[in-house]
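For reference, the structure is listed below as structure tokens.
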Number of protein chains: 2
Amino acid sequence: MDTAPRPGLRERKKQRTRDALVRSALELFAAQGYERTTVDEIVEAVDVSQRTFFRYFAGKEEAAFAVQEMTESHFLDAVRQRPPHEAPLDALRRAVMASWDTIGEAIEAVVPIELHMRTYQLIESTPALLATHLRRHEGLEEQLARLIAEREGVDVDADPRPRVAVALFGGVMRLAARRWGAGEDFSVAAMRELTASYLDGMGPALTEDWHTRNKRDREDTRDTR
Amino acid sequence: MDTAPRPGLRERKKQRTRDALVRSALELFAAQGYERTTVDEIVEAVDVSQRTFFRYFAGKEEAAFAVQEMTESHFLDAVRQRPPHEAPLDALRRAVMASWDTIGEAIEAVVPIELHMRTYQLIESTPALLATHLRRHEGLEEQLARLIAEREGVDVDADPRPRVAVALFGGVMRLAARRWGAGEDFSVAAMRELTASYLDGMGPALTEDWHTRNKRDREDTRDTR
DNA sequence: AGATTAGTGACAGCCGCTGACAATTGACAA
DNA sequence: TTGTCAATTGTCAGCGGCTGTCACTAATCT
């Protein structure tokens, strides 16, 4: 399973340069904001040319999402490792919880976890980064839908249920993440609590009556003209 | 309620310039793609300076979303007009259906509807535009959540149910929109059908067993360590 | 009509990003 | 070791999005 015997000097050097660029970028972003940080500042701190930066990253944004990328593929792996007898939403929920317990070390190899947390806050509060983050999130949902469809043995393009389930799950996850970022407690434990509580709220939100209102017969809503 | 007696020459001129820029932009985007269209091309077709373009729009993107902006506020109005006795998800569903029946004229006043449709396709297929679209979508969800919370008389920050309900609804709506854009039939009727069918799938997706599997007892999933 | 104010055009300049080409450096064999 | 090849990098030039500044024109106000 270990397919990395000796990366070779060249490869190691590349990895070091890349990590240094990510670290330098995230530090500068956290210190002075994303927009106010120029690529020239980033490369100057690592002492490489601007052209080199753009050989490692397609754009300034990609550097900001380098660590996110790691956590996402880690989560996907966790989903793949769920036993097939678990129901879809159950497997997703357990995979989230499990991946948070083991992602720490991988992150720390590149940047301090605290910096990663601050980067997440920055993404949520910077419109340009938030937009890209949401697009990436949707890409992740697409991959999740295919995984779920495979688990359940259905055709992801013919059967809407995998995508619907993942959309519900993803929507609630984003809600929890947003609230976590807006709160005070940035610990993993807090995130875990929030996520569990929001996931528990999915069912109740679908039952139509919230306070004292009686259950009413749902007439056909297809056409209101 | 009509607070627009005489716009004045100056105001009318501004409106015409703006509409011309939007039309010119969307036509060029549709013809040659978003990225391959420069702001210089857009302003040349309207015969104004590049500086003027950036006085009307914060960026090239904003011109691409000018019509979307109209449809979104139209939908919000439709939600506000739903009678308060309707359950949240029911009101949202009916508001979508209702707003589609009346948005046509407002769009046509600026650009041909067919161009608006093509623009939507373009947004879905252009990564940079898709990202911004998703961020706008989330902004809309936030406004929806506040509306729903007000209708139901709950505190949007203390009670998670409005946001959860809207997240579920919004996620399913995006799914339908995405599929509509990927399909063949770009009529409003097709969109209506798709939306209804996806909304109907929300309930079934939450019930955990999809094929022959028996309902299993949900153990506690809060902690898997 | 004259004063005021809003909208515009022209110009200069920053920043993200890319193509092209030359220079450097690690990988591998002779 | 040394020479060759290929990968990586630096330098330079340039485009497109976007902004600040300032003078100029045209609509509005008195």
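Reminder, nothing fancy here: chain letters follow the sequence lines and each chain counts from 1.
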Among residues two or more places apart or on two chains, list those pairs meeting ring pair (Phe, Tyr, Trp, His ring centres under 6.0 Å) that have a residue in residues 10-32 of chain A.
-> A/Phe29-A/Tyr34

Please step through side chain to side chain contact (heavy atoms under 4.5 Å, CB included) for the pair B/Phe75 and B/Leu140, ending with a clear verdict.
-> CA-CA 10 Å; B/Phe75 167 61; B/Leu140 208 160; 4.0 Å; yes

Return the orientation label for the B/His133 and B/Phe65 ring planes: parallel under 30°, perpendicular over 60°, tilted otherwise.
-> parallel

B/Lys14/B/Asp19 salt bridge by N-O under 4.0 Å criterion = no

Atom NZ of A/Lys14 and atom C1' of C/dA27 are separated, to the nearest Å, by 13 Å

A/Ser187 and A/Asp185 side chains, donor-acceptor separation under 3.5 Å = yes

Using a strict 4.0 Å threshold on nitrogen-to-oxygen distance, state whether A/Glu142 and B/Arg178 make a salt bridge.
-> yes

Can you name the ring-ring contact (aromatic ring centres under 6.0 Å, His included) partners of A/Phe53, sequence neighbours left out?
-> A/Phe57

Under 4.0 Å from any atom of DNA chain C, heavy atoms only: list the residues of residues 28-44 of chain B that qualify, in numerical order.
-> none

Should the pair A/Arg82-A/Asp77 be classified as a salt bridge under the 4.0 Å nitrogen-to-oxygen rule?
-> no

Close approaches to DNA chain C from residues 50-67 of chain B, in residue order (heavy atom, under 4.0 Å) = B/Arg51, B/Thr52, B/Arg55, B/Tyr56

In short, side-chain hydrogen bond (donor to acceptor under 3.5 Å, both in side chains) pairs touching residues 104-122 of chain B with sequence neighbours left out are B/Tyr120-B/Glu124

Which pairs, protein N/O on one side and nucleotides 27-30 of chain D N/O on the other, fall under 3.5 Å?
unit_1, atom_1, unit_2, atom_2, d
D/dA27, OP1, B/Lys13, NZ, 3.2
D/dT28, OP1, B/Leu9, N, 3.0
D/dT28, OP1, B/Arg10, N, 3.0

NE2-CD distance between B/His137 and A/Glu138, expressed to the nearest 0.5 angstrom = 9.5 Å

Let me know the distance between CG of A/Asp47 and P of D/dT9, rounded to the nearest Å.
-> 13 Å

